[in-house]
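Here the structure is laid out as structure tokens; the discussion comes afterwards.
Since we're looking at a predicted model, the values are computed, not measured. Every chain is numbered from 1 and lettered A, B, ... according to where its sequence line falls, protein lines coming before strand lines.
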Protein chains: 2
Amino acid sequence: MARAATTADAFNAVAEPRRRQILDLLAGGELPVNDLVELLGLAQPQVSKHLRVLREVGLVDVRDEGRQRVYRVNGQSLKPIHDWVKNFEQSWSQRFERLDSVLAELKERELGDERNDE
Amino acid sequence: MARAATTADAFNAVAEPRRRQILDLLAGGELPVNDLVELLGLAQPQVSKHLRVLREVGLVDVRDEGRQRVYRVNGQSLKPIHDWVKNFEQSWSQRFERLDSVLAELKERELGDERNDE
DNA sequence: AGAACATATACCCATATAGGAATATGTCAA
DNA sequence: TTGACATATTCCTATATGGGTATATGTTCT
């Protein structure tokens with residue numbers, strides 16, 4: 001079997017740096033394809049192809065405006081990624097480190113009580 | 001050019017569902033390869049290969065223990081993903097929706113004041 | 001040393017790329 | 001209608017993949 005399709009889910013779609021860049025640009029507001037082409041410094045077909053992938057996983061929506069196609073981000077589709085990564089946040093978050101120390105202290109105190117009971 | 005290597009960064013490494021599953025399992029505590037093999041119901045070589053990818057992007061660390069190799073998660077490497085996704089959180093978060101409505105209300109009131117000034 | 005166990009690596013293959021180039025489709029303007 | 005503009009699609013190619021299978025490496029036990 002080969003690697004999963006880029007259109008399989010948001011995880012795969014977003015693995016490509018260009019596509020993340022596109023989403024970053026669209027985060028500032030909707031944009032027509034040509035603006036993206038200029039901002040990315042990428043050939044137009046490549047941009048259209050990236051946009052297709054993003055569309056297929058629901059990360060962007062399109063709107064027709066004259067002969068332009070205006071794209072906008074739909075961050076909702078990123079929620080699964082956010083939810084998954086969040087479970088590992090304690091690995092680096094200062095906040096959780098403090099929580100850990102509090103729990104450790106509670107445990108210490110608990111042990112102390114036990115010792116007193118003996 | 002082909003797709004970026006799975007070892008290019010955490011984004012690519014984590015695009016594979018099996019590898020996310022491995023990280024989920026390791027989140028509960030370090031595990032030797034064979035335990036992962038059983039828990040995943042996958043062949044041992046495939047697991048070792050997935051672990052290699054995770055190692056190369058720093059998502060897991062290994063420790064030798066007798067003839068076993070015990071893997072543990074290193075969530076730190078997920079921070080870039082967390083940071084990137086966080087910028088889009090307002091797209092789905094209830095919290096931000098309420099913030100939006102508050103801002104909308106403020107704007108309304110401001111407009112009302114302007115009308116009163118005229 | 002030899003066997004059993006634990007893990008990693010090598011090799012094969014079908015598949016999906018990402019970018020380049022050419023072209024098709026669709027819309028507006030004269 | 002014809003041409004210019006905006007975007008999408010098609011075709012090409014080199015490349016990396018994930019699983020299957022066989023095998024190599026390394027460790028412990030007898």
Do A:Arg63 and A:Glu30 sit within salt-bridge range, that is, some charged N less than 4.0 Å from a carboxylate O? yes

Treat each ILVMFWY residue as a node, draw an edge where side-chain heavy atoms are under 4.5 Å apart, and state whether A:Tyr71 and A:Leu25 are in one component. yes

Please identify each residue that fulfils salt bridge (charged side-chain N to carboxylate O under 4.0 Å, His left out) with A:Arg19, with sequence neighbours left out. none

Could you please spell out the steps behind the side chain to side chain contact (heavy atoms under 4.5 Å, CB included) verdict for B:Val60 and B:Asn74? CA-CA 5 Å; B:Val60 298; B:Asn74 177 3; 5.9 Å; no

Rounded to 10°, the helix from C:dA1-D:dT30 to C:dA30-D:dT1 deviates from straight, judged by its five-pair end axes, by 10°

Between which nucleotides of DNA chain D, 5' to 3', does chain A make heavy-atom contacts below 4.0 Å? D:dA4 to D:dG18

I want to confirm an ordering. Mapping B:Arg3 and A:Met1 to their closest nucleotides on DNA chain C, which one lands closer to the 5' end? A:Met1

Regarding B:Arg20 and the six-membered ring of A:Phe11, is the cationic atom NZ or CZ under 6.0 Å from the ring centre and inside 45° of its axis? yes

Write down the protein N/O and nucleotide N/O pairs, taken from nucleotides 1-10 of chain C, whose separation is under 3.5 Å; answer none if there are no such pairs.
{"residue": "C:dT7", "atom": "OP1", "partner": "B:Val33", "partner atom": "N", "Å": "3.2"}
{"residue": "C:dT7", "atom": "OP1", "partner": "B:Arg69", "partner atom": "N", "Å": "3.4"}
{"residue": "C:dT7", "atom": "OP2", "partner": "B:Asn34", "partner atom": "N", "Å": "2.8"}
{"residue": "C:dA8", "atom": "OP1", "partner": "B:Arg69", "partner atom": "NH1", "Å": "3.3"}
{"residue": "C:dA8", "atom": "OP1", "partner": "B:Tyr71", "partner atom": "OH", "Å": "2.6"}
{"residue": "C:dA8", "atom": "OP2", "partner": "B:Ser48", "partner atom": "OG", "Å": "2.6"}
{"residue": "C:dA8", "atom": "N7", "partner": "B:Gln44", "partner atom": "NE2", "Å": "2.6"}
{"residue": "C:dA8", "atom": "N6", "partner": "B:Gln44", "partner atom": "OE1", "Å": "3.2"}
{"residue": "C:dT9", "atom": "OP2", "partner": "B:Arg52", "partner atom": "NE", "Å": "3.3"}

Qualifying salt bridge (Lys or Arg N to Asp or Glu O under 4.0 Å) pairs with a residue from residues 33-55 of chain A, counting only residues at least two apart or across chains: A:Arg52-A:Glu56

Out of the candidates A:Leu51, A:Leu26, A:Ile22, A:Leu54, only one should pair with A:Leu59 under the side-chain contact (heavy atoms from CB on, under 4.5 Å) rule; please name it. A:Leu54

Output yes when a side-chain donor or acceptor of A:Ser77 lies under 3.5 Å from a complementary backbone atom of A:Gly58, and no otherwise. yes

Residues which pass ring pair (Phe, Tyr, Trp, His ring centres under 6.0 Å) with A:Phe88, listed by chain and number, not counting sequence neighbours: A:Trp84

Quick one: does A:Ile81's side chain get under 4.5 Å of B:Ile81's, heavy atoms only? yes

Roughly, in whole Å, what's the span from CG in A:Leu40 to P in C:dA18? 14 Å

